[in-house]
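Here's the structure, in structure tokens; my notes come after.
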Amino acid sequence: MVSPQLCIQKPLTACSGKYSKTTALSHPPSQLATHLCRLLFELRQIMDSKVFDEYNYWLGQSEDSNWNEYITEQVAKGVLGKFSAEDWNRLNDTILSREEYWQERSAAALGENRSTQAIEILKKLLDSPFTEVLIVSASELDWSEVPIENKYAKKIQAIINSLNHEELESYPELENLLKKASSAQL
């Protein structure tokens with residue numbers, strides 16, 4: 001017998017066709033389990049894409065879309081909390097190709113979420129071409145108080161170098177993060 005957990009995690013390709021009463025009556029129990037697993041996997045894929053669609057909805061269609069700290073918390077705890085491994089992979093694979101407002105809002109929500117996956121994507125956002133995204137990502141990484149690897153020190157230094165003195169004074173967390181990365185043994 002195939003475990004339900006395996007059904008959700010991996011597609012079973014042995015199943016062909018759609019499940020119906022006729023299928024149930026004409027196939028042995030092992031094939032029915034395969035059919036059921038296939039249906040569960042397809043349902044999981046539909047649900048996963050709906051969670052990612054919900055994420056897109058909350059981030060908005062443009063930078064003029066409503067966004068505030070309450071929405072940030074809703075996205076971090078309500079939406080990112082429902083992400084599957086596939087959703088996290090999709091976000092990781094596409095985030096740097098998205099618009100500036102989308103990356104910046106993602107950085108804020110990821111910083112609020114602070115899961116392992118969120119932290120890794122925040123680190124990836126240190127490669128964004130947008131200064132505001134770099135600042136938000138670095139700030140969120142500092143506030144998360146997770147260790148940051150030494151390999152990020154040059155990127156953080158580049159962000160600091162791109163700011164004038166007044167801007168830099170507004171973001172003391174950048175200097176804090178640079179100190180953490182520079183002294184890291186990772």
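One-based numbering along the sequence shown.
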Item checked: I119 and S144, any side-chain heavy atoms less than 4.5 Å apart -> yes
Margin query: Aromatic contact between Y55 and W102, with the criterion being ring centroids under 6.0 Å apart: yes or no?
Written below: yes
Next item on the list: For the residue pair I159 and L178, establish whether any side-chain heavy-atom pair is separated by less than 4.5 Å.
Entry: no
Check: When clusters are formed by joining ILVMFWY residues with side-chain heavy atoms under 4.5 Å apart, either directly or through shared neighbours, do L110 and V136 land in the same one?
Finding: no
Notebook entry, point to check: Do D142 and Y171 come close enough that some side-chain heavy atom pair is under 4.5 Å?
Noted result: no
Check: What is the minimum heavy-atom distance between K180 and E145, and which atoms define it?
Finding: NZ-CA, 4.2 Å
Next item on the list: Answer yes or no: is there a side-chain heavy-atom contact under 4.5 Å between L134 and I156?
Entry: no
Item checked: side-chain contact (heavy atoms from CB on, under 4.5 Å) assessment of L174 paired with L163 -> CA-CA 11 Å; L174 298 178; L163 302 175; 3.5 Å; yes
Notebook entry, point to check: So W67 and L59, side-chain contact (heavy atoms from CB on, under 4.5 Å) or not? Walk me through it.
Noted result: CA-CA 7 Å; W67 184 259; L59 267 56; 4.1 Å; yes
Notebook entry, point to check: Are the side chain of Y101 and the backbone of G60 linked by a donor-acceptor contact shorter than 3.5 Å?
Noted result: yes
Margin query: Parallel, tilted or perpendicular, judged at 30° and 60°: which one describes the rings of W88 and F83?
Written below: perpendicular
Notebook entry, point to check: So, for S106 and I95, which heavy atoms are closest and what is the spacing to 0.1 Å?
Noted result: CB-CD1, 3.7 Å
Checklist line | Separation of E104 CD from R98 CZ (nearest 0.5 Å) | finding: 14.5 Å
Check: Between atom CG of L141 and atom CZ of R114, what is the distance when rounded to the nearest 0.5 Å?
Finding: 10.0 Å
Note to self: Run the side chain to side chain donor-acceptor pair (under 3.5 Å) test on Q103 and S128 for me, step by step, so that the C-alpha distance in whole Å, both residues' side-chain angles and the decisive distance to 0.1 Å come before the verdict.
What the structure shows: CA-CA 8 Å; Q103 289 184 26; S128 175; 2.6 Å; yes
Check: Looking only at heavy atoms, what is the nearest atom pair of A109 and V75, with distance?
Finding: CB-CG1, 3.6 Å
Notebook entry, point to check: Out of curiosity, N68 CG to E73 CD, how far, rounded to the nearest 0.5 Å?
Noted result: 10.5 Å
Note to self: Testing the basics here: between G81 and N113, what is the closest heavy-atom pair and its distance to 0.1 Å?
What the structure shows: N-ND2, 4.2 Å
Checklist line | OH on Y152 to CG on L122, rounded to 0.5 Å | finding: 10.5 Å
Margin query: Quick one, R105 with T72, criterion side-chain contact (heavy atoms from CB on, under 4.5 Å). Give me CA distance, side-chain angles, the key distance, then yes/no.
Written below: CA-CA 7 Å; R105 292 174 182 186; T72 303; over 6 Å; no
Notebook entry, point to check: Out of curiosity, N161 CG to K154 NZ, how far, rounded to the nearest 0.5 Å?
Noted result: 13.0 Å
Note to self: Looking at every heavy atom in both L125 and S137, which two are closest together, and how far apart are they?
What the structure shows: CB-OG, 3.2 Å
Notebook entry, point to check: Which heavy-atom pair separates E99 from F130 by the least distance, and what is that distance?
Noted result: C-CE1, 4.3 Å
Next item on the list: Start with the C-alpha distance between K82 and E54, add both sets of side-chain angles, then the distance that settles side-chain contact (heavy atoms from CB on, under 4.5 Å), and finish with yes or no.
Entry: CA-CA 10 Å; K82 295 186 285 187; E54 182 181 359; 2.8 Å; yes
Next item on the list: Using the salt bridge (Lys or Arg N to Asp or Glu O under 4.0 Å) rule, collect all pairs that involve residues 123-133, keeping only residues at least two apart or in two chains.
Entry: E120-K123, K123-E149, D127-K155
Check: Are I135 and W143 linked, directly or through other ILVMFWY residues, by side chains that come within less than 4.5 angstrom of each other?
Finding: no
